[in-house]
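First up is the structure itself, then whatever we jot down about it.
All values reported here derive from a predicted model rather than from experimental measurement.
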Amino acid sequence: MRLAGKTISSMNILSELRSRFLTALEAIDPGAVELTTMVLPSQDAKFGDYQANCAMPLGKRLSKPPREIAQQLVDALDVADLCEPPEIAGPGFINLKLKDTWIIEQLAQIVPDEKHLGVDQAQTPRVFVLDYSSPNVAKPMHVGHIRSTVIGDALCKVLRFLGHRVISDNHIGDWGTQFGMIIFGYKHFVDEKSFADDAVAELSRLYKLVSQLVAYHDTTRQKIPALEQRIVEHAVLLDQMHDATIPEDLKEQKKVNKRLRQAEGQLAEVRQTLDGLRKQVAVVDDNPQLATIAAEHAEIGAAVLAETAALHSGDATNRALWEQFLPACLAEIEATYRRLNVSFDHALGESFYEDRLKGVVSDLVQRDMAVESDGAMCVFLEGYDAPFIVQKKDGAFLYATTDLATVEHRLKEWSPDTILYVVDHRQSLHFEQLFATVRLWRDEQIALEHVSFGTVLGEDGRPFKTRSGEAVGLTGLLDEAVERAFKIVSQNDAARPEPLLSEEERHNVAERIGIGAIKYADLAHNRTSDYVFSYDKMLAMTGNTAAYMQYSYARVRSIFSRGGIDAKAIRTGDVQIVLDQPAERALALAILRLSEALDRVVEDYRPNHLTAYLFDLASTYSEFFENCPVLKADNEALKNSRLLLCDLTARTIALGMTLLGIQMVERM
RNA sequence: GCGCCCGUAGCUCAGUUGGAUAGAGCAACGGACUUCUAAUCCGUAGGUCGCAGGUUCGAAUCCUGCCGGGCGUGCCA
């Protein structure tokens, strides 16, 4: 376990058992203490609650039969207070079953802990800087920003909950070419009235217009001819391959066939891309107004770069426009963050580092780390063919430069132990090179980690795009999810004998369900893999979804409202928990495992461990709900015991969901 | 060409870092509402974990080689 003992310190059953095993292992073989990681929750309930698999590897080390070692371990093990007598099974598994009395004691300790539900604070808190979301202002946020924003926010909340200091910093793109575009657009195409009415909408229109025109010229002059050329070359190549003599060696034959197929596939792909581009061009050509503008601004690409360069070199007009536009753009993305219920400690954008970039490069040169190559300033790193370019040959700086300046600032300002970059996996090479450069450049002991994630795909398995090939806008995405949620909420509520919710309540519930669905769907997938975005799946009431968790919570809460019971009174009252039914015991154990789930989240920065835990908890609760009447329990003591279990379940779900950044509803 | 990632039920995905008989949810089939929210629950069926070797008490997981896919790869971010 990579961070065990460093980051992880919250008290939980697993770490308690591991520390007991540590003592036992030390007694047998002091060199085998790392085998505590082989104490794990059981896969199957029939083997007990936890199992220790240390005896097999240890037996090998000591050249003794594993079952004999297992017996020695059990003899040396002091767990009598929390477990039933351990059992040895199979080749040497040690199976552990927790004592009901111990579970009950642990639950009793959790009950009064309003804030942390028994999850201890890290013994050695660390300082994290979290870099996530990072949208470009002046460019509408799109589906690609979901993952970074949502995963980063959840990690931030979980790390803080465990007692670490976390500085969240939104590295906003506020200094790039997109400003050149809107500056150019403003100078040539602005509609003063629209701008006065709604500056953001007008700027957004200008951005779209200019980027469309730039793309038009780039496509017609560069991309399409290049693709046409490639098609010709490919065709020639294919002809040659077809004409080539077939090798006699079977293996070589296969290789040739494979290359042929690949070449054919590539050709088809190129043709498809070309078709797509021609369609985009046609959009402009078919619109007389657009076509005229396009013709009038044939050099728009260069002009945009010139506006950007002017901004960067301190041109007064452009600087003034930038200062005028920025607040409106920031307000726009701020609105999206409010809706997502996400906030940051800092939002130090690219512009913040603007005047430091020159210094970064000269420092690298002074240390002989950066050298000139083909006119650009480059850091050549061992093990990489391509250099890490910190200054272009035209003198402009790149995101590599900004990232280095940013690391420097963060080190100076916050002295973090770790900086996490929640950025998609396509940038992994950039981060590898960035980290390698920082290690050469700075002496500080700092852990830099690229918390990468996969792509959001459409139902066709291709990156999620609109029909016209643009990125799907985030606002529209959220709207649609909420709209669909509202339909589902209304339908289901209306179908009840007596509807529960007012129209206003339905809207509030739909907002939380819709936004929650998107967030949860993202968090529930292993972040390293791509996933298919599906409204139907994420809004489903069954399965591992936000709506299911919210429903489970509402169902628990309804017991209290139906029974007219104050949950706080149950917590403070003298309630003795009873675990006679298997469903009661299973639920109790599930509740106690929250901190194990949280440890696993921070271990590899994967929130899906928490969603998996919550889903398991909710499923366990369902079984309890079916089998164990609460309000109609046989006697008052049993009723109170079950009420307390219900309350703990609701609190655990609510806490877990809050750490994921998802809001609960009392009724739905 | 080189580098990184991936391939698990018809579909969408988990799989606690090498553990016991590989798990969920959809979809299919069969059950459970005068009983705390049935927006639910329970059950059945569904698998050569891409293929072939190897490592060992034990492999979806580690190694090698194939097959198939994604991404990246000198002046975008």
Base, sugar-phosphate, or nothing for A/Cys628, non-hydrogen atoms under 4.0 angstrom? base
How would you label the glycosidic angle of B/rC33: syn (within 90° of 0) or anti? syn
With a 3.5 Å cut-off and heavy atoms only, can you find an N or O donor on one side and an acceptor on the other between the side chain of A/Asn95 and the base of B/rA20? yes
Could you name each residue pair satisfying side chain to side chain donor-acceptor pair (under 3.5 Å) that touches residues 382-397 of chain A, not counting sequence neighbours? A/Tyr384-A/Glu432
Is a salt bridge present between A/Asp493 and A/Arg496, judged by a nitrogen-to-oxygen distance below 4.0 Å? yes
Ignoring hydrogens and angles, state whether a donor on the side chain of A/Asp616 or A/Ser619 is under 3.5 Å from an acceptor on the partner side chain. no
Tell me: NE2 of A/His145 to P of B/rA77, nearest whole Å? 14 Å
Does B/rC42 have OP1 or OP2 sitting under 4.0 Å from an N or O in the side chain of A/Asn627? no
Tell me whether the side-chain N/O atoms of A/Ser428 come closer than 4.0 Å to OP1 or OP2 in B/rC71. no
B/rC62 to B/rU40 separation - P atoms, rounded to the nearest Å: 37 Å
With side chains defined as the heavy atoms from C-beta onward, is the minimum distance between A/Lys223 and A/Asp218 less than 4.5 Å? yes
Would A/Phe93 pass as stacked on B/rG19, i.e. its ring centre under 5.5 Å from the base's six-membered ring centre and planes under 30° apart? no
Using atom P in both nucleotides, what's the gap between B/rC13 and B/rG7 to the nearest angstrom? 11 Å
Output yes if the stacking criterion (under 5.5 Å between centres, under 30° between planes) is met for A/Phe47 over the base of B/rA20, else no. yes
When all nucleic acid strands are considered with a 4.0 Å heavy-atom cut-off, which category describes A/Cys378: base, sugar-phosphate, or nothing? base
Is the distance from OP1 or OP2 of B/rU73 to the nearest side-chain N or O of A/Arg426 less than 4.0 Å? no
Across every strand shown, the nucleotide meeting Watson-Crick or G-U wobble geometry with B/rG53 (both distances under 3.5 Å) is B/rC63
Set out, in order, the CA-CA distance, both residues' side-chain angles and the distance that settles ring-ring contact (aromatic ring centres under 6.0 Å, His included) for A/Phe47 and A/Phe93, then state yes or no. CA-CA 9 Å; A/Phe47 298 129; A/Phe93 297 108; 7.3 Å; no
Just checking A/Leu631: base, sugar-phosphate only, or nothing, at a heavy-atom cut-off of under 4.0 Å? base
What's the gap between B/rU17 and B/rA60 when it is taken at their P atoms, as a whole Å value? 14 Å
Check every strand shown and say whether A/Asn53 touches a base, only sugar-phosphate, or nothing at a heavy-atom separation below 4.0 Å. base
Under 4.0 Å, heavy atoms only, any strand: does A/Gln178 hit a base, just the sugar-phosphate, or nothing? nothing
Under 3.5 Å for both donor-acceptor distances, Watson-Crick or wobble: does B/rG72 have a partner, and if so which one? B/rC2
My understanding is that a pair needs two contacts under 3.5 Å, Watson-Crick or G-U wobble. By that rule, which nucleotide pairs with B/rG43? B/rC29
Reckon A/Met377 touches a base, only the sugar-phosphate, or nothing at all at heavy-atom distances under 4.0 Å? nothing
Watson-Crick or G-U wobble partner of B/rU48, both distances under 3.5 Å: none
Mind checking if A/Ala540 touches a base, just sugar-phosphate, or nothing, with heavy atoms under 4.0 Å? nothing
Please tell me if the side chains of A/Phe388 and A/Leu381 come closer than 4.5 Å, counting only heavy atoms from C-beta onward. yes
What about A/Gln51: does its side chain form a donor-acceptor pair under 3.5 Å with the base of B/rA20? yes
How far, in whole Å, is B/rU12 from B/rA52 if one measures between their C1' atoms? 29 Å
What contact category does A/Phe560 fall into here, base, sugar-phosphate, or nothing, at under 4.0 angstrom with non-hydrogen atoms? nothing
note: A/Asp493, atom CG; B/rA38, atom P; distance rounded to Å ~ 14 Å
Counting only side-chain N and O atoms of A/Asn526, is one of them less than 4.0 Å from OP1 or OP2 of B/rG15? yes
Under 4.0 Å between a side-chain N or O of A/Ser561 and OP1 or OP2 of B/rC36? no
B/rC57 phosphate, OP1 or OP2, under 4.0 Å from A/Lys60 side-chain N/O: yes
Going by distance alone, is a donor N or O of one side chain under 3.5 Å from an acceptor N or O of the other, for A/Arg555 and A/Ser622? yes
Integer angstrom distance from the P of B/rA20 to that of B/rA27: 30 Å
Base, sugar-phosphate alone, or nothing: which one does A/Val630 contact when heavy atoms must sit under 4.0 Å apart? base
Please determine whether a side-chain nitrogen or oxygen atom of A/Lys46 lies at a distance below 4.0 Å from atom OP1 or OP2 of B/rA20. no
Which part of the nucleic acid, if any, lies within contact of A/Ile389, taking any heavy atom under 4.0 Å across all strands shown: a base, the sugar-phosphate backbone alone, or nothing? base
Suppose we call a contact any N or O donor and acceptor under 3.5 Å apart; does that hold for the side chain of A/Ser373 and the base of B/rG74? yes
Between B/rU61 and B/rU16 - C1' atom distance, rounded Å: 12 Å
Using purine N1 to pyrimidine N3 plus N6-O4 or O6-N4 for Watson-Crick, or N1-O2 and O6-N3 for G-U wobble, both under 3.5 Å, which nucleotide pairs with B/rU12? B/rA24
Any base atoms under 4.0 Å from A/Asn136, or only sugar-phosphate, or nothing? Heavy atoms, all strands. nothing
When all nucleic acid strands are considered with a 4.0 Å heavy-atom cut-off, which category describes A/Gln427: base, sugar-phosphate, or nothing? base
Using a cut-off of strictly less than 4.0 Å, decide whether A/Tyr613 has a side-chain nitrogen or oxygen near OP1 or OP2 of B/rA24. no
Would you indicate what A/Ala376 reaches in the nucleic acid, counting non-hydrogen atoms under 4.0 angstrom: base, sugar-phosphate, or nothing? base
Conformer about C1'-N of B/rU17 - syn within 90° of 0, anti elsewhere: syn
Say you pick atom C1' in B/rC26 and the same atom in B/rA39; how far apart are they, in whole Å? 16 Å
Has A/Arg557 got its NZ or CZ under 6.0 Å from the middle of the six-membered ring of A/Phe560, at an angle within 45 degrees of the ring axis? yes
How is A/Pro57 classified with respect to the nucleic acid when contacts are heavy atoms under 4.0 Å: base, sugar-phosphate, or nothing? base
If we take the C1' atom in both B/rU21 and B/rC5, what is their distance in whole Å? 31 Å
Without hydrogens or angle criteria, can the side chains of A/Tyr132 and A/His171 be said to hold a donor-acceptor pair below 3.5 Å? no
Quick one: the side chain of A/Arg496 and the base of B/rA39, do they pair up donor-acceptor inside 3.5 Å? yes
Evaluate whether atom CD of A/Glu505 has more than 12 neighbouring non-hydrogen atoms of other residues, nucleotides or ligands under 6.0 angstrom away. yes
Rounded interatomic separation in angstrom, taking CG from A/Leu429 and C1' from B/rC5: 13 Å
Any strand is fair game: report the nucleotide pairing with B/rA38 by Watson-Crick or G-U wobble, both distances under 3.5 Å, or none. none
